[in-house]
S.K.: 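This is the structure I have questions about; it appears just below.
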Amino acid sequence: MKKVKIKLIRNIGVIAHIDAGKTTVTERILYYTGRSHKIGEVHDGEAVMDWMADEQERGITITSAVTTCEWKGREIQIIDTPGHVDFTIEVERSLRVLDGAVGVFCAVGGVEPQSETVWHQADKYSVPKIAFVNKMDRIGADFFNVIEMMKDRLNARPLIMQLPVGSEDRFNGVVDLIEMKQIVWDDESIGANFSKIEIPDDLLASAHEYREKLVESVAEVDDEIMEVYLSEEEVDTNKLLEAIRKATIDLKFIPVLCGSALKNKGVQPLLDAIVNFLPSPIDVPPVTGINPETGEAVECPPENPHLSALIFKIAMLEGRKLAFVRIYSGKLKAGNDVFNPSTKKKEKLSRLLRMHANKKERVDEAGAGSILGVIGLKESSTGESLCSSEHPVLLEQIEFYKPVISVAIEPKTHSDQEKLEEVLDKYLSEDPTLKVKQDKDTGQTILSGMGELHLEIIVSRMLREFKTSVNVGKPQVVYRETIEKKAEATQTFDREISGQRHFGEVRIKLKPLPRGTGNKFKSSITNETIPDAFIPAIEKGVMESFESGSAMGYPVVDVEAVVTGGSFKESNGTELAYTVSASMAVKEALSKGEPFLLEPVMKVEVFVPETFMGEVIGDLNSRGGKIGNLEPKADTQIISASAPLSNMFGYSTSLRSATQGRGTFTMQFSHFDKT
């Protein structure tokens, strides 16, 4: 594998709402950069990046896929991410390791709910972005409406780099406001050839107006451009590009381009924008971690020779555990040992792989800025760091979401029973949002995830990949519990175990907190009542007992536990005794505090033709939905609402029948609230 200078690397993600055209854009990028020799279409189930059978059948991206291509001497490492809300974790962990992102927006739908979610995820990690308004050939395409929605919904500052020439079936290329030329694509060559021509007279005034706005916007953030602008001289193109690049990396602008990936228009200028405006690994602030031995902050700039890398994803490829790793500094070499500071264990790197979706190419070593697959990490998992044992560094963990929906599964045959546990272990290591537990009362295996589709695909993959068949029960909502009022309880643990006396007495007061606050613990006792050394043991007992409430055994949330009293016996006080007594006290106090259930409430957006609006609103009301606002758009209405998840099972079927198949909706978790 040839070595590439780090300043020539671009690590980017393609992010968007489902069906905005992310995978179609990525397929064109691979074709025009020569990485693929034919264009794979999503609707034909032949997209390179959607390589899983479930993705090809459903025409959606389920798992983020990694690939590498070259454009104008730059190496672009791309992660194509899912747009469906059930697979948001795939976007989250991809954005954690990327330096830049391309947000794809549908010219008709504009900024849709999941677009907002992934955009704010990118904002959380301060990822510089460019935007591509796709599907300009579709009926109802409106470039400037998307620009306004970006300002309103994303709080973004779009910088218009191109103007569309026509729209809908009259879409015929773009006007480049940097070079002030019209770009026209050749259909005969599937868009591979394009020409730059003079801007037609009817577009010239508009082009000059938006060019002026572009230069004026850049001048506001760049002193050199401001001087030229005020002196009314012509701005040098290279200087303008440099200024836009700096402002994009500093998160001051979002350069916006447009096109139609399906009709092979607009992709090459998008590639130019990726290499011109998005950062290389040395253009972004260095990642920071902590030294696990000293607790001191450690910076890991790319030029640092000491290894720092993050495992951002685990996948099962052909039955083997494959770890996707981003290297921030130092090198990985096949055959070498690395240190995992989370497990405090050394692991051997069997193989390093350069990935192209599910195809792979072996490499001997990789340096800072690389994203690659690693085989051989037996005990490391998603979100953990890799480093050298002489220079340990623990990078910031990836945040994972809690599941909101469960199904009971049981093996169909005895041979399925033997395989089930092993198969589930593999999926659990791959997907941190998936949870499995055994129901003590029924003995059933309970599988919990982010949504109906999420669980449906796990069950489908079990059969496809491991020939494991299961019966699936009806989906069940994963509730939370909390309390209505303050409650207090005292419990004592005084027992002899293995010849040693264990004594601990604790009094704990519970208090309900506002929704979304989480659980809190504090102590209001002195060292004389119970020595400070036992407070962590008491906290452990409290937090463990919050994992299963007294109403129906669901996790307890939004409760503050305060240690208000207790007692201590000099020779018999033990951590075990205080952990158990604290747990018993919390259980008693929970049952006194009038516990009740909190149900997941979903944020729902329904896109429906106006003629069916009354019926759809009536159906939402019957499901306990609260209508937020109605937003007219062309001949459709967008209904925003919130509704309890338990009432939304099977909603897609009833919406289709109520709207003759013309209504669509998106649904994502909002918060837990009282039922």
S.K.: Any donor-acceptor pair under 3.5 Å linking the side chain of Glu293 with the backbone of Pro392?
M.R.: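 No; judged by distance alone, with no hydrogens or angles, the pair does not exist.
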S.K.: When you measure from the side chain of Gln491 to the backbone N and O of Ser583, does any donor-acceptor pair fall under 3.5 Å?
M.R.: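 Looks like no, no N/O pair under 3.5 Å.
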S.K.: Are Ile409 and Val436 packed together at the side-chain level, in the sense that at least one heavy-atom pair is separated by less than 4.5 angstrom?
M.R.: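 No, their side chains stay 4.5 Å or more apart.
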S.K.: May I ask you to say whether Glu384 pairs ionically with Lys345, meaning some side-chain N is under 4.0 Å from a carboxylate O?
M.R.: no
S.K.: Which pairs with one or both residues in residues 581-591 pass salt bridge (Lys or Arg N to Asp or Glu O under 4.0 Å), sequence neighbours excluded?
M.R.: Glu588-Lys592
S.K.: Would you mind checking if Lys378 and Glu347 are paired as a salt bridge, meaning a charged N to carboxylate O distance below 4.0 Å?
M.R.: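 Salt bridge between Glu347 and Lys378, a charged N being under 4.0 Å from a carboxylate O: no.
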S.K.: Output side-chain donor-acceptor pairs under 3.5 Å for residues 642-649, partner residues at least two apart or in another chain, one line each.
M.R.:
from, atom 1, to, atom 2, distance (Å)
Ser646, OG, Glu599, OE2, 2.3
Asn647, ND2, Arg623, O, 2.7

S.K.: Please output the side-chain donor-acceptor pairs of residues 493-504 that fall under 3.5 Å, not counting sequence neighbours, one pair per line with the distance.
M.R.:
from, atom 1, to, atom 2, distance (Å)
Asp494, OD1, Arg501, NE, 3.0
Asp494, OD1, Arg501, NH2, 3.3
His502, ND1, Thr574, OG1, 2.8

S.K.: How long is the straight-line distance from CG of Leu307 back to OH of Tyr328, given to the nearest 0.5 Å?
M.R.: 12.5 Å
S.K.: Quick one: do Lys467 and Lys419 satisfy side chain to side chain contact (heavy atoms under 4.5 Å, CB included)? Show the steps, please.
M.R.: CA-CA 9 Å; Lys467 305 290 184 284; Lys419 286 190 286 183; 3.9 Å; yes
S.K.: List the atom of Leu394, the atom of Pro341, and the distance in Å for their closest heavy-atom pair.
M.R.: CD1-CG, 3.7 Å
S.K.: Within the side chain of Arg153, is there an N or O that forms a donor-acceptor pair under 3.5 Å with the backbone of Val111?
M.R.: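 Such a contact is found between Arg153 side chain and Val111 backbone.
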S.K.: Using the rule given for side chain to side chain contact (heavy atoms under 4.5 Å, CB included), can you reason through Phe534 versus Glu575, listing the C-alpha separation, both sets of side-chain angles and the distance that settles it, and then say yes or no?
M.R.: CA-CA 6 Å; Phe534 292 111; Glu575 288 188 358; 4.0 Å; yes
S.K.: Passes side chain to side chain contact (heavy atoms under 4.5 Å, CB included), Phe339 versus Cys387? Steps please.
M.R.: CA-CA 5 Å; Phe339 180 67; Cys387 56; 3.9 Å; yes
S.K.: Whether the side chain of Thr579 engages the backbone of Gly541 through a donor-acceptor N/O pair (distance < 3.5 Å, no angle test) should be reported.
M.R.: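 No, Thr579 side chain to Gly541 backbone: no donor-acceptor pair under 3.5 Å.
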